[in-house]
Amino acid sequence: MPLLVMKFGGTSVADLARIKNAAEKVKREVERGHEVIVIVSAMSGKTNELVGWVEQTSPMFDAREYDAVVSSGENVTAGLMSLTLQEMDVPARSWQGWQVPVQTTSAHSTARIEDIPRANIDAKFAEGMKVAVIAGFQGLSPEGRITTLGRGGSDTTAVAFAAAFDAIRCDIYTDVDGVYTTDPRIEDKARKLDKIAFEEMLELASLGAKVLQTRSVELAMRYKVRLRVLSSFEDNDEHSGTLVCDEEDIMEQNVVSGIAYQRDEAKMTLISVADRPGIAAAIFGPLASAGVNVDMIVQNISEEGRTDMTFSCPVNQVARAQKAMEDARTNGDINFHELVADTDVAKISVVGIGMRSHAGVASKMFDALAKEGINIKVITTSEIKISVLIDRKYMELAVQALHDAFGLEHAA
Ligand code: ADP
Ligand code: ASP
Ligand code: MG
């Protein structure tokens with residue numbers, strides 16, 4: 001029997017009525033002759049509430065207990081989804097991650113899935129069960145502790161199950177009807193894409209578009225999972241939503257296909273660092289050890305043997321970065337005049353495979369921002385993306401201006 005994976009995000013299971021709505025979609029697929037693995041998120045807002053409780057209880061929390069608490073939201077929706085299906089006469093049962101077991105690394109709060117043994121679930125399908133409901137976002141470490149996969153991790157649970165069970169497709173049901181040229185919440189001219197290439201989706205996700213977790217796109221690309229994003233609030237057919245697919249399967253392609261943003265960035269500058277071989281290692285080594293996710297890096301030209309070094313990181317890691325730099329200074333590993341933190345910046349990125357073969361994207365981007373009087377603080381580029389740091393208060397304006405400048409409202 002063909003097997004389908006259907007994932008429902010937080011807003012799609014936000015209350016009992018919505019769980020019922022989702023269950024009706026599942027039932028329809030069962031009636032069409034599919035076996036279904038359903039992955040559920042916690043009810044919307046629940047995971048944030050749980051994270052808040054952990055932080056209030058223990059600011060320097062034990063990550064193993066964080067995972068024990070924060071994974072619990074999915075347990076509730078998995079059980080409720082299974083009960084709802086049973087009430088509709090659909091044979092269903094629920095599994096928490098450890099029961100499958102979804103085997104992960106022991107990197108608590110950002111664990112990776114290593115393996116999903118099929119035996120337990122296959123046995124139930126063989127007995128006539130039609131729907132396996134899985135609590136998303138969670139797994140089991142080699143030490144036997146509960147782990148979680150990072151925020152948005154149920155997307156990754158879904159793709160990993162689709163790969164493990166050779167699903168015909170992995171459908172990600174959410175509160176928008178597909179992947180757009182940019183977040184439709186901040187640009188109402190954003191256009192829904194019928195298809196997007198894996199590589200572009202991977203960049204957009206890692207640059208802030210939260211519609212899919214980055215790791216889920218990586219897995220889909222690696223295991224050739226047919227991945228689709230669609231709305232849980234509409235009636236869908238096989239053409240609905242956005243298909244994430246190989247580049248070769250897309251006929252028409254704009255040079256730039258999407259714009260992503262990251263709101264909560266910080267720009268840190270070490271003023272007057274001694275410029276000598278090994279200085280970058282002496283700065284970025286301790287930052288990495290302190291768990292600071294450094295993103296962009298710029299080193300200024302040096303004058304009289306001293307230079308300024310700028311880097312960006314998420315705003316909630318600024319305190320950690322400051323401590324790591326102060327400690328390195330105290331140890332005598334680096335010396336600098338001052339560490340200046342600008343905590344009011346955002347990152348805007350334009351992404352498109354077409355950039356490989358088209359020049360002029362960068363200058364068009366910089367022109368469009370200049371016309372709005374937006375100052376660019378840091379720039380980085382790679383083969384298919386350009387990112388800039390700007391003042392956070394211009395973030396929405398910048399996204400809209402770039403969306404216009406690259407004509408994303410209209411298909412190629
Ligand atoms: P879920 O709870 O279903 O996992 P998320 O909130 O994680 O849903 O992701 C869906 C949201 O992603 C949308 O509501 C939208 O605001 C946001 N988003 C950001 N960028 C995009 C984009 N390019 N296309 C579609 N949605 C996007
Ligand atoms: N509930 C988890 C979160 O909010 C996982 C998910 O919804 O994908 O991050
Ligand atoms: Mg999500």
Side-chain angles (χ1 to χ4, degrees), residues 6-14 18 21-22 39-52 54 66-67 69-78 97 102 109-111 113 134-139 147-161 170-196 200-217 227-233 241-242 244 256-263 348-352 395-396 399 402-403 408:
M6 303 172 75
K7 179 257 173 176
F8 293 93
T11 42
S12 310
V13 292
R18 291 198 178 168
N21 167 69
I39 312 293
V40 287
S41 290
M43 292 179 177
S44 64
K46 191 69 206 176
T47 309
N48 286 342
E49 181 183 52
L50 295 169
V51 170
V54 170
Y66 168 97
D67 281 350
V69 175
V70 168
S71 62
S72 66
E74 274 73 8
N75 297 345
V76 175
T77 45
V102 177
S109 83
T110 54
I113 297 177
I134 314 291
F137 179 53
Q138 45 172 268
T147 54
T148 63
L149 309 178
R151 300 307 304 272
S154 296
D155 298 330
T156 300
T157 308
V159 174
F161 271 83
C170 180
D171 282 342
I172 306 287
Y173 287 85
T174 184
D175 57 357
V176 282
D177 60 353
V179 178
Y180 279 70
T181 48
T182 192
D183 188 347
R185 282 179 212 280
I186 70 168
E187 168 57 286
D188 51 23
K189 287 185 271 178
R191 177 172 51 88
K192 196 193 75 138
L193 301 164
D194 293 331
K195 291 180 175 179
I196 185 164
E200 288 173 329
M201 191 64 242
L202 195 58
E203 287 284 4
L204 287 173
S206 70
L207 295 167
K210 71 170 188 161
V211 60
L212 286 174
Q213 197 195 34
T214 308
R215 181 84 184 124
S216 72
V217 186
L227 179 61
R228 183 167 73 146
V229 176
L230 69 175
S231 166
S232 60
F233 303 122
T242 301
V244 189
V256 166
S257 48
I259 301 171
Y261 61 86
Q262 241 144 10
R263 187 184 300 271
I348 313 286
S349 308
V350 303
V351 172
M395 192 188 82
E396 280 87 355
V399 169
L402 293 170
H403 200 269
L408 296 191

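For ligands, and for the atoms within them, numbers begin at 1 and follow the listed sequence. Index from 1, following the sequence. Side chains included, hydrogens not; waters and symmetry mates left out as well; all remaining heavy atoms used.
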- Item | Closest non-hydrogen atom pair between Lys7 and Ser41, with its separation | CE-OG, 3.7 Å
- Query: Got the closest protein heavy atom to atom 7 (O) of ligand 2, with its distance?
  - Reply: Ser41 OG, 2.8 Å
- Task: Using atom types as modelled and distance alone, determine if a side-chain donor or acceptor of Thr147 lies under 3.5 Å from a backbone N or O of Gly139.
- Result: yes
- Query: So is Gly10 close enough to ligand 2, meaning a heavy atom under 4.0 angstrom away?
  - Reply: no
- Minimum-distance pair of heavy atoms, taken over all atoms of Ile113 and Ala160: CD1-CB, 3.6 Å
- Query: Any nitrogen or oxygen of Thr47, main chain or side chain, under 3.5 Å from a nitrogen or oxygen of ligand 2?
  - Reply: yes
- Query: Do you know which two heavy atoms are closest between Val211 and Asp155, and how far apart they sit?
  - Reply: O-OD2, 3.8 Å
- Task: For Arg18 and Thr11, indicate whether the former's side chain and the latter's backbone hold a donor-acceptor pair under 3.5 Å.
- Result: yes
- Query: Around atom NZ of Lys192, are there more than 12 heavy atoms of other residues, nucleotides or ligands at under 6.0 Å?
  - Reply: yes
- Query: Quick one: does Gly153 get within less than 4.0 Å of ligand 2, heavy atoms only?
  - Reply: yes
- Looking only at atom types and distance, does a side-chain atom of Glu74 sit under 3.5 Å from a main-chain N or O of Val40, one as donor and one as acceptor? no
- What protein heavy atom is closest to atom 4 (O) of ligand 2, reported as residue, atom name and distance in Å? Arg151 NH2, 2.9 Å
- Return the residue, atom name and 0.1 Å-rounded distance of the protein heavy atom closest to atom 2 (C) of ligand 2. Glu74 OE2, 3.4 Å
- Ordered by chain then number, the protein residues lying under 4.0 Å from ligand 1 by heavy atom are Lys7, Gly9, Gly10, Thr174, Asp175, Val176, Gly178, Val179, Tyr180, Thr182, Asp183, Pro184, Arg185, Ala209, Lys210, Val211
- Query: Does the pair Glu396 and Arg185 meet the rule for a salt bridge (charged side-chain N to carboxylate O under 4.0 Å, His left out), with working shown?
  - Reply: CA-CA 10 Å; Glu396 280 87 355; Arg185 282 179 212 280; over 6 Å; no
- Lys46 heavy atom under 4.0 Å from ligand 2: no
- Passes side chain to side chain contact (heavy atoms under 4.5 Å, CB included), Leu402 versus Thr182? Steps please. CA-CA 10 Å; Leu402 293 170; Thr182 192; over 6 Å; no
